[in-house]
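Quick notes on the structure that follows.
Counting begins at 1 with the first residue of the sequence. For the numbers below, each heavy atom of this structure counts, side chains included, while hydrogens, waters and symmetry mates do not.
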Amino acid sequence: MEKKSACSRREFLAKMSSLPVLMFGGVHLLSGSQGARHIAQIDVFPITYPMRGRFKFFEGPDGHMMGRASAVIKVKADDGTVGWGESVPIPKWSYETLESVTTTIRNYLAPVLVGHEVFDIAGAHRIVDQNIAPAFGTGQPMAKAGIDIALHDLLGKMTHRSLPEIWGRKAIPSLLLSYTLNPESLDDLDALIEDGRNRGYRNFNVKVSPDPEYDLELCRRVKKRAPEGYLWADANGGYDLDTALKVVPEMAEIGVDILEQPLPITRITGYQMLKRESPLPILLDEGVVSPANLVEFIRLDLMDGVAMKPARCGGLLPAKRQIEITQDAGLLFLGSGLTDPDISLAATLQLYAAFQYQLPAALNGPQFIRESILRDPLIPEQGRLSVPEGPGLGITVEEAKIRPLLVEL
């Protein structure tokens, strides 16, 4: 990967000294030429999608799949226009739960946003951050992401423009996907690879850690079965430094293209050492919650890029800024997700398409989720997923499909 010169790196860090201005770019995303419109009502619907297959983050204590929890958010403007958003917590991956995102939105975010101007999404972020304070990064980012997505959808519908159009970008029509492999044992691997290939996938991402011998054999077998494909290993912070230093050169020899989050995010000096020693690009994921986090990690020289997830970092506005920061710094961004269903998936597609993302995206919601609340479900074809067309997110939510999935909290 081409590195930035010392001079350009200094220029980048100097530019980042004005981060708050760069993050929000002023008060409004779009001028209020249509006249002021305000948020009139915010409703939250906690639901659980049924799932297929095995994915460790949604596995219960007895080994069964628990379902994909989601808080669907409906934001209505004072002219009756509706925008839809979605918060997608994963307790095994982060600290937010279906219960926490639902009550956070109902009790803390919705009351302070009613009456706020629809076009002022940056201002909405400031309001929710004042009412749910930050910790190391953005406080309750998954809850806030659902609000952000709904406001973007609402803005697009009110202006009759797609999100890439609002951002002044030309979108690509579809994204290439990566197929997620998370076998319970190596005996299950061949059937999973064959399933992916039968669906038209040629690129694979694998869940690794904590067993390095198992992980290396997993990568070796995947590369043998799909030698032409992009192979993306994700450790989800499961290695210690000594194990990562041992595993990385062996992964590179096998043909792994990239390693995501090998260490816990708190191992700052470990990442500095690993990045210096690694023959593979090292990506961060967990912990890159806000643009401010990302800039600090770049200053500390921890990684070669970021596995982007709008659902992780407070929504589309901060995720877009994070992509711009990585590009300014000459770093990679890989399109990823949180097994996003429906609305969150549509938002993620719009963002990556707007930046004309070309590498395989690890968007595995359609791989594992069995139901949809959309009029036109998002279904991959031959390993690609089309980007919805139309204003806002480009999707139509059917409220009647929400009711059977509701969870009583």
Side-chain angles (χ1 to χ4, degrees), residues 25 28-45 70-88 105 109-110 113 116-125 128 144-175 310-311 314-321 323 337 340-355 357 363 365 372-378 385-399 401-402:
H28 292 74
L29 264 180
L30 197 69
S31 69
S33 57
Q34 276 85 12
R37 291 288 183 267
H38 298 88
I39 297 170
Q41 184 175 335
I42 299 177
D43 295 308
V44 188
F45 307 96
S70 160
V72 175
I73 299 154
K74 179 182 180 182
V75 177
K76 182 183 290 187
D78 52 12
D79 69 347
T81 307
V82 168
W84 291 94
E86 194 164 30
S87 296
V88 288
I105 294 166
L109 304 186
L113 287 173
H116 183 73
E117 187 177 345
V118 169
F119 283 17
D120 185 11
I121 296 180
H125 273 271
V128 298
K144 293 173 180 176
I147 293 287
D148 168 283
I149 291 168
L151 291 178
H152 275 87
D153 188 39
L154 184 58
L155 174 63
K157 289 174 177 174
M158 295 182 79
T159 59
H160 308 289
R161 300 169 75 181
S162 70
L163 297 188
E165 287 173 335
I166 289 172
W167 296 326
R169 307 189 68 94
K170 183 174 177 58
I172 56 176
S174 67
L175 293 181
L316 291 166
L317 184 61
K320 175 176 175 289
R321 187 67 200 111
I323 292 174
D340 302 75
D342 291 333
I343 304 168
S344 184
L345 179 60
T348 302
L349 289 170
Q350 297 291 350
L351 180 66
Y352 298 163
F355 281 86
Y357 179 74
L363 299 175
S372 174
I373 60 172
L374 303 184
R375 182 188 64 192
D376 302 304
L378 302 173
L385 192 53
S386 295
V387 180
E389 296 181 355
L393 298 177
I395 57 174
T396 299
V397 174
E398 294 191 345
E399 292 193 54
K401 292 184 176 181
I402 295 176

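Ile42 has its side chain within reach of Ile147: a pair of non-hydrogen atoms, C-beta onward, lies under 4.5 Å apart. When side chains are defined from C-beta on, Gln350 counts as touching Val387, because their heavy atoms get closer than 4.5 Å. Taking the side chain as every heavy atom from C-beta outward, Thr396 and Leu374 never approach each other to under 4.5 Å. Leu349 has its side chain within reach of Leu385: a pair of non-hydrogen atoms, C-beta onward, lies under 4.5 Å apart. In this structure the side chain of Glu389 never reaches within 4.5 angstrom of the side chain of Ser162, judged on heavy atoms. For the pair Glu398 and Ile373, the minimum side-chain heavy-atom distance is 4.5 Å or more. Side-chain contact check for Ile395 versus Asp342: every heavy-atom pair is 4.5 Å or farther apart. Inter-residue side-chain proximity for Leu363 and Tyr352 is flagged as met; some heavy-atom pair is nearer than 4.5 Å.
Residues Ala311 and Val88 come closest through the heavy atom pair CB-CG2, 3.5 Å. The nearest pair of heavy atoms linking Pro388 to Leu393 is CB-O, 3.5 Å. Residue Tyr357 comes nearest to Leu175 through the heavy atom pair O-CD2, 3.7 Å, listed as atom of the first residue, atom of the second, then distance. Nearest heavy-atom pair across His116 and Asp120 is NE2-O, 2.8 Å.
Atom-to-atom distance recorded for Leu345:CG and Ser372:OG is 9.5 Å, nearest 0.5 angstrom. Going from atom CG of Asp78 over to atom CD of Glu117 covers 10.0 Å, rounded to the nearest 0.5 Å.
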- [ ] Let me see the working for Leu351 and Trp167 under side chain to side chain contact (heavy atoms under 4.5 Å, CB included), right down to the final yes or no.
- [x] CA-CA 10 Å; Leu351 180 66; Trp167 296 326; 3.9 Å; yes

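Applying the side chain to side chain contact (heavy atoms under 4.5 Å, CB included) criterion to Ala171, with sequence neighbours excluded, gives Pro164, Ala353. Taking Lys76 as the reference, nothing meets the salt bridge (Lys or Arg N to Asp or Glu O under 4.0 Å) condition, with sequence neighbours excluded. The salt bridge (Lys or Arg N to Asp or Glu O under 4.0 Å) test applied to Asp79 returns Arg37, not counting sequence neighbours. Contacts of Phe355 classified as ring pair (Phe, Tyr, Trp, His ring centres under 6.0 Å), with partners at least two apart in sequence or in another chain: none. Glu399 meets the salt bridge (Lys or Arg N to Asp or Glu O under 4.0 Å) test with Lys74; sequence neighbours excluded. Residues satisfying the side chain to side chain contact (heavy atoms under 4.5 Å, CB included) criterion with Ala150, sequence neighbours excluded, are Ile73, Val75.
Proximity of a side-chain donor or acceptor of Asp148 to a complementary backbone N or O of Leu317 within less than 3.5 Å is detected. Looking only at distances, a side-chain donor or acceptor of Glu86 sits under 3.5 Å from a matching main-chain atom of Ile343. With hydrogens and angles disregarded, a donor-acceptor distance shorter than 3.5 Å links the side chain of Thr159 to the backbone of Leu155.
Using a 4.0 Å cut-off between a side-chain N of Lys or Arg and a carboxylate O of Asp or Glu, Asp153 and Lys157 qualify as a salt bridge.
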